[in-house]
Number of protein chains: 2
Amino acid sequence: MSKQELPVVDLNPVACCSPIAVRPMDADQAAVVAPLFKALGDPVRLRLMSMIASVPEICVCDLTPAFDLSGPTISHHLKLLREAGLVDSERRGTWVWYRARPEAFRQLGALLDISGTPAGA
Amino acid sequence: MSKQELPVVDLNPVACCSPIAVRPMDADQAAVVAPLFKALGDPVRLRLMSMIASVPEICVCDLTPAFDLSGPTISHHLKLLREAGLVDSERRGTWVWYRARPEAFRQLGALLDISGTPAGA
DNA sequence: CTCTTGTTTCGACATACGTCTAGCTTGACA
DNA sequence: TGTCAAGCTAGACGTATGTCGAAACAAGAG
């Protein structure tokens, strides 16, 4: 191997990790963060996420008809987004309402920040 | 359904899409972007990506020993990152060197920007 | 040319994932 | 209480994914 040295930088104390272009992620951090990206890695979930995040809150009854998919399938995807911590849900009467969790987005956005890094140059 | 109106906003002409919290993504946009998130949705690939992005370039021979995985498996993950457009590779003599593609990161980061959106409030 | 080392491709396998239908739970309302 | 609608859970099924070992390919050294 080339014996190249990888940079070693302290963790950002606020969020989970430094931007991925600042220092190499260790296995534990990757295991925490990868599921968040994975949750957004399906076109249906990405659209759901986008529909939810573009309004203060939205009813499942407004999400389902936007897709050519069965109700249970949409419900399944929403569950994955919930388990990833990207959205919150709340039942109010007959309907269930979903809201985005901004912290998760801020964390993911921060991870992708490449300004002032080797990759950003 | 609740007849709630989803916002309709012009596309950002520079990148592929507006931030996902600005307007709901349509199916075509989601089909383009989701594979990028999917590529980062595996812990091994996320670590690889991070190792690659934290230096100007890096040799496969420095990536492989960081994992408890066979060479072919690492090669497979690198191929997926390449096909997603997140990294570039170049053979120089015996070794193959990988570099991050900053444009892809900037685009993903922009998508996750929630400042000034309903979710960011 | 042949040997060695580094990397990718191929083929196989177990597991995870996306989707469906059927059935259940919750709440509203007559 | 009975009934209906919204949404979730359970189970099944086909496909995609992560992993491996073996083999092929690439480049340099002897």
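What you are looking at is a predicted structure, and each value in this text was computed from that prediction instead of being measured.
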Of all residues at least two apart in sequence or in a different chain, which pass the side chain to side chain contact (heavy atoms under 4.5 Å, CB included) check with A66(B)? R47(B), M51(B)
Do Y98(A) and M49(A) come close enough that some side-chain heavy atom pair is under 4.5 Å? no
Per the under-4.0 Å heavy-atom filter, residues of residues 36-43 of chain A near DNA chain D come out as none
Given protein heavy atoms under 4.0 Å, the one-letter contact record of nucleotides 21-26 of chain C, with B base, S sugar-phosphate only and - none, is simply BB---B
Pairing residues for D113(A) by the side-chain hydrogen bond (donor to acceptor under 3.5 Å, both in side chains) criterion, not counting sequence neighbours: S115(A)
For DNA chain C, which residues in residues 81-90 of chain A have a heavy atom at a distance below 4.0 Å? none
Closest heavy-atom contact between A84(B) and L36(B)? O-CD2, 2.9 Å
Sugar-phosphate only, base, or nothing, as touched by S75(B) at under 4.0 Å among non-hydrogen atoms: base
Between CZ of R47(B) and P of dG18(D) the distance, given in whole Å, is 16 Å
Only distances under 3.5 Å count here; give the side-chain donor-acceptor pairs of residues 71-81 of chain B to other protein atoms, sequence neighbours excluded, each with its distance to 0.1 Å.
unit_1	atom_1	unit_2	atom_2	d
T73(B)	OG1	S70(B)	OG	3.0
H77(B)	ND1	R45(B)	NH1	3.1

Under 4.0 Å between any heavy atoms, over every strand shown, what does H76(A) touch: base, sugar-phosphate, or nothing? Just pick one. base
For Y98(A), answer base if it contacts any base atom (sugar-phosphate contacts may also be present), sugar-phosphate if it contacts only those atoms, and nothing otherwise; contact means non-hydrogen atoms under 4.0 Å. sugar-phosphate
Write down the distance between CH2 (W97(A)) and P (dG27(C)), rounded to a whole number of angstrom. 17 Å
Which pair of heavy atoms, one from A21(B) and one from P118(B), lies closest together, and at what distance? O-CD, 3.7 Å
Search all heavy atoms of L111(A) against all heavy atoms of S18(A) and return the closest pair with its distance. CD2-O, 3.3 Å
Residue pair P102(A) / A119(B): nearest heavy atoms and the distance that separates them: CG-O, 2.7 Å
D62(A) CG to dA6(D) P: how many Å, rounded? 12 Å
Starting the side chain at C-beta, find the nucleotide from dG7(D), dT8(C), dC20(C) nearest to L69(A). dC20(C)
Can you pull out every salt bridge (charged side-chain N to carboxylate O under 4.0 Å, His left out) where at least one residue sits in residues 85-95 of chain B? Sequence neighbours excluded, please. E57(B)-R92(B), D88(B)-R101(B), E90(B)-R92(B), E90(B)-R99(B)
Here the distance between atom C1' of dT7(C) and atom CG of L78(B), to the nearest Å, is 10 Å
Of all the choices, dA6(D), dT19(D), dG18(D), which nucleotide is nearest to the side chain of H77(B) once you look at every atom? dT19(D)
Test of understanding: with side chain to side chain contact (heavy atoms under 4.5 Å, CB included), list the residues that count as partners of P35(B), not counting sequence neighbours. none
Does A104(A) have any side chain to side chain contact (heavy atoms under 4.5 Å, CB included) partners at least two apart in sequence or in another chain, and if so, which? L86(A)
Sugar-phosphate only, base, or nothing, as touched by R92(A) at under 4.0 Å among non-hydrogen atoms: nothing
Rounding to an integer number of Å, can you tell me how far L80(A) CG sits from dG18(C) P? 7 Å
Could you check which of dT7(C), dT9(C), dA28(C) has an atom nearest any side-chain atom of K79(B)? dT9(C)
Using a heavy-atom cut-off of under 4.0 Å over every strand shown, decide if L63(B) touches base, sugar-phosphate, or nothing. nothing
For C17(B) and V33(B): C-alpha separation, side-chain torsions, deciding distance, then whether side-chain contact (heavy atoms from CB on, under 4.5 Å) applies. CA-CA 9 Å; C17(B) 316; V33(B) 176; 4.0 Å; yes
